[in-house]
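First up is the structure itself, then whatever we jot down about it.
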There are 2 protein chains.
Amino acid sequence: MESSDIKKAGLKLTLPRVKILEILEKSERRHFSAEDVYRNLIDEGEEIGLATVYRVLTQFESAGLVSRHHFDSGHSVFELNQGAHHDHILCVRCGKVDEFVDETIEKLQHDIAERAGYQMTDHVLYIYGICADCQKDTG
Amino acid sequence: MESSDIKKAGLKLTLPRVKILEILEKSERRHFSAEDVYRNLIDEGEEIGLATVYRVLTQFESAGLVSRHHFDSGHSVFELNQGAHHDHILCVRCGKVDEFVDETIEKLQHDIAERAGYQMTDHVLYIYGICADCQKDTG
DNA sequence: ATGTAAATGAAAACGCTTCTCATTACTATT
DNA sequence: AATAGTAATGAGAAGCGTTTTCATTTACAT
């Protein structure tokens, strides 16, 4: 994933787009809200508007560079598309996000869709729970 | 499910609550947005505010009478809790909602949570696709 | 009947996201 | 390197679903 991907997506190479892609790539974090990205930009001294962040993230999504998730219903979370497909498991206490893959579940979903007469286009699987750390904290 | 369930939930028996529960019960529809419920009330000549609809649905959710889903990220969808747990498969063209249960997936989710050190509290599984009817319509 | 706390309706506020529009910047062409 | 033409940007307003506020009304225990 590099700036050339921006051009491949048919988007002009502009500072906001390059900076936003950099933030998604360089951070050890993997999941960002638009606000998260915006604050990172401000911290780096970049004067990029929140509207632009939303626009660029949406364009990146259309281009297949990032995925958008709706973990908790309140706001969107963006994640750079790298590595294979995976689902998410989230801590309802601390907000931690882990990832997992289960081939059996993947296959079963296709089977279910087929049996129901649907041509499957996508799926969403979130597991919510209390992570190991949070279980220790409050019993 | 009857009005007595409202009392059991520790809620006073009021006209808005009774009417809303009625709508959820009587309709052949199973999934309602707050707006859907509100419009049904208006159509029946009830002068109940949208704020009340939201409040009552939220209370019903806390009481375990209804479940709230976030199918498409835009708005919440409510469903009366009756029958067993099930997941949803949705048509991205016409918005149809079907339901399914898969014990294997249910079990695998628990296993995954356990393996990741999480104490599972909930899960969300939505399959998106094009339903049989919509496949016919546009090929 | 009566008192008290809970519930309601209307409107305002809210948080996240998108839109508007005047200005700026990128890229292709000369 | 200069220019033209289109796309991208920033700031603020608007949009949308939802929640809150607050004065008024209602249900329920006494």
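Quick note on labels: first sequence line is chain A, next is B, and so on, each numbered from 1.
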Is the count of non-hydrogen atoms from other residues, nucleotides or ligands lying under 6.0 Å from A/Glu46 atom CD greater than 12? yes
Examine [N]: is either OP1 or OP2 under 4.0 Å from a nitrogen or oxygen in the side chain of [X]? Give yes or no.
X       : N      : result
A/Tyr54 : C/dT17 : yes
B/Thr14 : C/dT8  : yes
A/Arg17 : D/dA8  : yes

Rounded to the Å, how far apart are [X] [atom1] and [N] [atom2]?
X       : N      : atom1 : atom2 : result
B/Ile48 : C/dG9  : CD1   : C1'   : 11 Å
A/Lys19 : C/dC26 : NZ    : P     : 13 Å
A/Leu11 : D/dA8  : CG    : C1'   : 10 Å
A/His69 : C/dT17 : NE2   : P     : 14 Å
B/Leu50 : C/dC14 : CG    : C1'   : 15 Å
B/His70 : C/dT17 : NE2   : C1'   : 17 Å
B/Leu13 : C/dT8  : CG    : P     : 10 Å
A/Lys7  : C/dC26 : NZ    : P     : 11 Å

5'-most contact on DNA chain D (nearest-nucleotide basis), A/Gln59 vs B/His75, goes to A/Gln59
Contacts of B/Leu15 and B/Gly74 projected onto DNA chain D by closest heavy atom; the upstream (5') one is B/Gly74
Check ion pair A/Glu103-A/Lys107 (N to O, under 4.0 angstrom): no
Any ion pair linking B/Asp133 and B/Arg93 (charged N to carboxylate O, less than 4.0 Å)? no
Between C/dA7, C/dA10, D/dG10, spot the one nearest the side chain of B/Ala51, thanks. C/dA10
Options D/dG10, D/dA7, D/dA27, nucleotide nearest the side-chain atoms of A/Lys12: D/dA7
Distance flag, aromatic centroids of A/His69 and A/His88, threshold under 6.0 Å: yes
Describe the nucleic acid contact of [X] in one word from base, sugar-phosphate, nothing, applying a heavy-atom distance below 4.0 Å.
X       : answer
A/Thr52 : base
A/Ser76 : sugar-phosphate
B/Glu47 : sugar-phosphate

Test A/Gln109 against A/Met120 for side-chain contact (heavy atoms from CB on, under 4.5 Å), laying out the working first. CA-CA 9 Å; A/Gln109 288 177 357; A/Met120 177 168 146; 4.1 Å; yes
